[in-house]
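Note on naming: letters A, B, ... go to the chains in the order of the sequence lines (proteins, then strands), and numbering restarts at 1 for each one.
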Amino acid sequence: MAEDRLKTLEERTRYEPADVEGRVFARWDEAGIFHPEAEGTPDENFSIAVPPPNVTGNLHMGHALNASIQDLKIRVARMRGMRTKWIFGKDHAGIATQRVVERQLEEEGLSREEMGREAFTARVWQWVEEYGGNISRQFRELGASLDYEDERFTMDPDYVRAVTKVFVHLYEKGLIYRDNYMVNWDPGLRTAISDLEVEQREVEDTLYEIDYPLESGSGSITIATVRPETMLADTAIAVNPSDERYSRLIGESAVLPLVGRRLPIIADEYVDPEFGTGALKITPGHDQNDFEIGRKHKLEEITVIGEDGRITDSAPERFRGMETREAAEAVVADLREEGLLSGTQAYVHDVPHSHRSGRRVEPLISLQWFCDMEGLAKPAIDVVRDGTIRFHPDRYAKQYLDWLERIRPWCISRQLWWGHQLPVWYRGDETHVGEEPPCGEGWERDPDVLDTWFSSGLWPFATLGWPEATEDLRAFYPTDINSTARDIIFLWVARMVMFGKELTEQVPFTDVNIHSVIQAPDKRRMSKSLGTGIDPSDLIHGGPRPPVYEEGGEFPAYGADALRFGLLAMSSSQDVAFNEERVKQGRDLANKLWNAARLILLRVADVEPDAAAATTVEDRWIVSRLERLTARVTELYDDFRFSFAALELYGGFWSELADWYLELAKPRLYEEENEDVSAVLLWSLERVLRLLHPVMPFVTEEIWSLMPGDKRGLLAVAEFPVADESRFDEDAERELGRMIEAVTALRRYRDEVSAKPGAAVRGHLVADGYDELSDHVGRLARFEWVDGSDADGDVIASVPVPGGAVQVLPSDAFDAGEAEARIEKKRAGLVEEIERAERKLANEQFVAKAPAAVVDEERRKLAEYREALAQLES
RNA sequence: GGGCGGUUAGCUCAGUUGGUAGAGCGCCACGUUUACACCGUGGAGGUCGCCCGUUCGAGCCGGGCACCGCCCACCA
C-alpha cells in the first residue's frame, strides 16, 4: 500500500487529470458523501438548490462557473461538518423543449398537430429520457458534489401536484384570474409570452404619414405610423388637449381611409404634441398604449391581426389572409393611389421581439390567465429591505427592488402542449378550478400550460417535497444560497422569493449570489451560432478550439480542477471575457502542487503532520504565513469573493510555500532524517490541500490519498481549517522578510555583474539579524561566506541588505570590472530616493498634518536609504 | 428617457477605511541547481479615460465631460 503510493509519486513528474478525475469521483460517489440523511435543522444543515438546467441543454460555460461556485460553498460547508445537500434536478423548459422536439418532427415530415397532444407529449417524454442524462454526466465531470441520488424534475408527478396546488391556492385567493387583455403574442411560437420574455431590438422602419379625411369634409388630419396595416383596426384619433392646432377638432370625427369607419377625435394627455404631426391614430386591438387609452375612453377594440399573424375577417375583404408585411404593403399602395399618403421617412426605433423565437412581438388582445403580483411582491420587497435576504454583490438588490416595486400582472398561460396543463375545466359558462377534475359530464380542460417560470418559482421547496411536510423539508428548508446569472433575477429569483413567502411563509434562501457572465474571448456573447461558444467539456478533456480562436487548433486536456480554478479566478462582480490563461494557470497550479507533494512525500520521515514541530525561524514563518492564508481565504470564501480566494491560494502556495519554504527546507530534508521539518512540511501540505479542496477537489483529494497514514479518509469530508491566530508570528515574518530581500538583492547583484551561474561569489555578510539564516542566504544566493570583515583591501563592492551589507570579495565568479558600473547605478538610485524623502519631510504641511505613523515611516525610510548609501560608499 | 457597471502595464484583470501603483500571461536576459521547463532567477514596462475641485497628499472622495457595456421603460 505505502509502496504503491510512493511508486505513483515517483513515476509521475506531471499531474495528469485524465488519469485521476474519474477515479476520484467514483470514490466520493461510492462513499455516499453527496447524499445526506434528512436529519437536523436547516440552521445546522447546509443546502443549495441548483438552478435546474433545461433538459434539452448541455452545460455551457455559465453552468460550469455557477457549478464551481456552488460546489465550492457546498464543499466548505461539508468540510465544516455540516450535513450538506445540493439539490439536483432539471427543468422541463416548456418552450425550449417543445421546440426541440417539434424540429425533430419536422425533419421526419410530421407536426405536433397531426400527432395530437397525447402522442406529442409522449414523444417529448421519450426525448427527455433519452437525452436528459447528459447533464448529470457533465456535472460529474466538473466534480460537482450534487445529490445525484435524489434527482428532481419539474414534471415529476409530485412536482406537478405542487404546481397545481399553488395555482388553485392563488386562484382561490383571487390572485389568479382570466381576462381578455393585451398580451405579447409571439407569432412564431403562437403563444402569449410574458413581459420578461420580450426584448427590445433596434429596427429600421418607415414612418408613414397618412391623411385621414375629416368627416365634415373640410380637410384632413395627418397621423404618423410605422405599422400602416394596423390602421385597419383604428377606432379613434387622439391629440393632446393642450395642442392648439387641433383643439377645434376635438369631438369631431375623421373617416378611416380604406375602411370608411368613423373615428372620433379625442383628447388625451398621452399624446406628445412634439412628435410627428401631434395626432395619433388609436388602435386598441394592436398597441399596448392604444389599448390603455382605448379602455379609458371606452373605445371599440377591433382585431385585424389574428393569432396566426394574418389579417382577419374584421378587415376589408381584399386584405384578409395576408401576412402583416404583405398587408402593410397593400395598405400603403392603396393609400398612395388615393393620394392619402403625405410622407414617408426612414425611422430607427426599438421594437419588442420575442426572446424565444426572435420574432417581432405582435401585441394582441387575447383571453389569457394572469397572476396579480402586487400582493405577492410586498413581502418579497420587505425581506430584502430588512436584510433577511442578502445579494452578492449587493448592488443587485436595488435592481430587484426596483422591479418589484413597479411590478405588473404576469401572463401565466402559454399555448403549448409541453408543460403543466392548467387545472381548469369549462362547461358552457361554468369554470372549475381545482386539484381534481370536476365531477359530471361535458367538462373540457383548458388546453393551455403554465409559463415554465411558474413552476421554477417553487423549486427550492417543491424539490424537497412541499406541500407535504417531509423530512427533507424539515431538514433542508429554507436553503442557504441561490446562485445565478443576473438575467434571471426577475424571471426566477424574485418569483422564488414571492412564492416562498406566500406558500411556506419563509424565505427560500438567505443569500443570492449573482455571478459574472463569461463572454467570449473577443467580448462578444458566447453563442454556438456565432461560433463564440466554448464547451466546458472541451477544456476538461481537450477538444477543438471554436472559430472565435483564430489560431485554431485544440485545447489541451486541462482537467476539471484547472477549469474550476480558471473560472473562479477570472470571475468577479463584473462580466468578463473568457481567458484561457486562467485555466492554464489552474493546470499549472495543479501540476505545481503535485510536484511539491512529490518532493515532500518522497522525502519526509515517518511522522504526523504537526505545526507545533516548528523549531527554526523558517518553520515558524511558514506556519504563520499559512495561518494567515487560512484566515484570508476563509473570509473570502464566506464573503462570496471567489476570484480573490483562488488567487490568494495560488500566490500563497506558489510564492511562499513552494518558492521559499521548500527551498529553505531542502537541506534538512535531504541531508538528515529530520522529523521536525517533516512534520512541518506535512502539516503545510495538508493545510494547503484542505484550503484548496473546494476550488480544486480532484488533485487535492488525489494527493491527500497519497499522504502517509492509513486512516485519513476522504479529504472531501476532512475538517476545514480554522485559522489559529496564536501561531501568527510577526518576528519570524519580519526576519524572513529581510532574508528574502537580502537574497533577492544578492541575486540581482550576481545578475548585474554577470556572475557565472554555477560559481559562488565570495563575500562577508556584515549585517545584523541573520544569525539563523546566513547559511540559507548564502546557499540561495550562491554566496560563499568568508569569515571576518577585516580584509578591507580586498572588498570590491558592497551590496546593501536589510540590517547592513554584503561586502563582495574578488572571486572567479565574475569579472571585477563589471562591479564598478553597477555601484554607480545603485548610488544614483539611492540618491534619488533620498531626495524624494527629504523633499516630503521638508514639507511643513506634511509633517504637521499627516498622521504621525506616516511621517515616522517616511523618516525611517530616509534613514535606511542614507545608511545604504553610506554602506555603498564605505 | 431612467438606472447600474466599466475605462489602471502589450493582453486579461486586482487595487475595501486617501499615504511613494499590483498579479498572471506575454516580453527581455540568464539558467538542464537531485519536486516541477505546465520549471527557476533577475529585469524592462503604467501622465491609473479627460477636466475642475477637496486635501499636506487622490487610481481611491466631490462635481462635470467623453467613450464602452448591461438592465428597465408605452413616444406613434
Side-chain angles (χ1 to χ4, degrees), chain A residues 9 13-15 200 207-208 223-227 230 238 270-272 274-283 287-293 347 349-350 352 363 393 395-396 398-399 402-403 406 486-487 489-490 517 519 521 523 556 558 562 569-570 572-582 584-603 639 641 643-644 647 650-651 655 658-659 662-663 666 670 743-744 747-752 754-755 757-758 779-782 833 836-837 840 843-851 853-855 857-858 861:
Chain A
L9 279 168
T13 63
R14 274 195 193 189
Y15 175 69
Q200 302 294 328
L207 186 64
Y208 297 95
I223 58 85
T225 181
V226 292
R227 299 210 49 198
T230 63
Y270 169 76
V271 183
D272 177 2
E274 304 294 317
F275 190 91
T277 60
L280 178 62
K281 78 194 217 14
I282 300 298
T283 320
D287 183 277
Q288 180 71 43
N289 307 311
D290 294 8
F291 175 77
E292 276 157 30
I293 293 171
Y347 185 64
H349 64 147
D350 286 343
R395 66 172 185 275
Y396 289 110
K398 183 175 179 335
Q399 240 185 60
D402 285 351
W403 184 72
R406 289 177 303 154
R486 67 173 130 64
D487 55 344
I489 292 175
F490 310 145
V517 174
Q519 291 162 332
K523 294 208 166 179
Y558 286 116
M570 76 180 85
S572 66
S573 60
Q574 300 300 323
D575 288 352
V576 67
F578 180 80
N579 189 199
E580 189 181 339
E581 287 305 330
R582 288 294 192 201
K584 186 172 166 295
Q585 204 179 331
R587 178 197 59 178
D588 294 349
L589 177 59
N591 184 245
K592 186 80 174 174
L593 190 64
W594 174 255
N595 276 292
R598 292 180 65 224
L599 171 67
I600 295 168
L601 299 178
L602 290 171
R603 305 281 176 179
D639 285 351
R641 301 175 66 194
S643 61
F644 297 89
L647 296 170
Y650 180 94
S655 57
D659 285 351
L662 293 184
E663 293 305 324
K666 272 178 183 174
Y670 281 118
V743 170
T744 306
R747 283 170 172 167
R748 192 183 309 122
Y749 178 80
R750 288 184 60 103
D751 202 51
E752 282 165 1
S754 304
R779 189 170 51 83
L780 296 175
R782 305 199 158 213
E833 288 299 330
R836 187 196 58 75
K840 200 161 183 178
N843 181 343
E844 285 172 30
Q845 301 272 38
F846 172 72
V847 178
K849 295 190 181 174
V854 175
V855 178
E857 174 62 13
E858 204 57 41
K861 282 185 201 159

For the student: nearest non-hydrogen atoms of L780(A) and V743(A), plus distance: CB-CG1, 3.9 Å
Checking only heavy atoms, does the side chain of [X] share a donor-acceptor pair with the base of [N] at less than 3.5 Å?
X: R641(A); N: U16(B); value: yes
X: R587(A); N: C38(B); value: yes
X: K592(A); N: C36(B); value: yes

Should [X] be listed as having a side-chain N or O under 4.0 Å from OP1 or OP2 of [N]?
X: H349(A); N: A76(B); answer: yes
X: R748(A); N: G42(B); answer: no
X: R395(A); N: G5(B); answer: no
X: T744(A); N: G42(B); answer: yes
X: Y347(A); N: A76(B); answer: yes

So what does [X] touch, heavy atoms closer than 4.0 Å: a base, only the sugar-phosphate, or nothing?
X: Q519(A); answer: nothing
X: A658(A); answer: base
X: F490(A); answer: sugar-phosphate
X: K398(A); answer: sugar-phosphate
X: R747(A); answer: sugar-phosphate
X: L647(A); answer: nothing
X: Q288(A); answer: nothing
X: A596(A); answer: base
X: R782(A); answer: base
X: V576(A); answer: sugar-phosphate

Among [options], which is the nearest nucleotide to the side chain of [X]?
X: T13(A); options: C75(B), C38(B), C36(B); answer: C36(B)
X: R406(A); options: G40(B), G3(B), A73(B); answer: A73(B)
X: D659(A); options: C75(B), U41(B), C70(B); answer: U41(B)
X: N591(A); options: C36(B), A73(B), G24(B); answer: C36(B)

Using a distance-only test with no angle check, is there a side-chain donor-acceptor pair under 3.5 angstrom linking Q288(A) and E292(A)? yes
Using a strict threshold of under 4.0 Å (side-chain N to carboxylate O), is an ion pair present between K398(A) and D402(A)?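 Salt bridge: yes.
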Please work out whether the ring planes of F490(A) and W403(A) are parallel, tilted or perpendicular, with thresholds of 30° and 60°. parallel
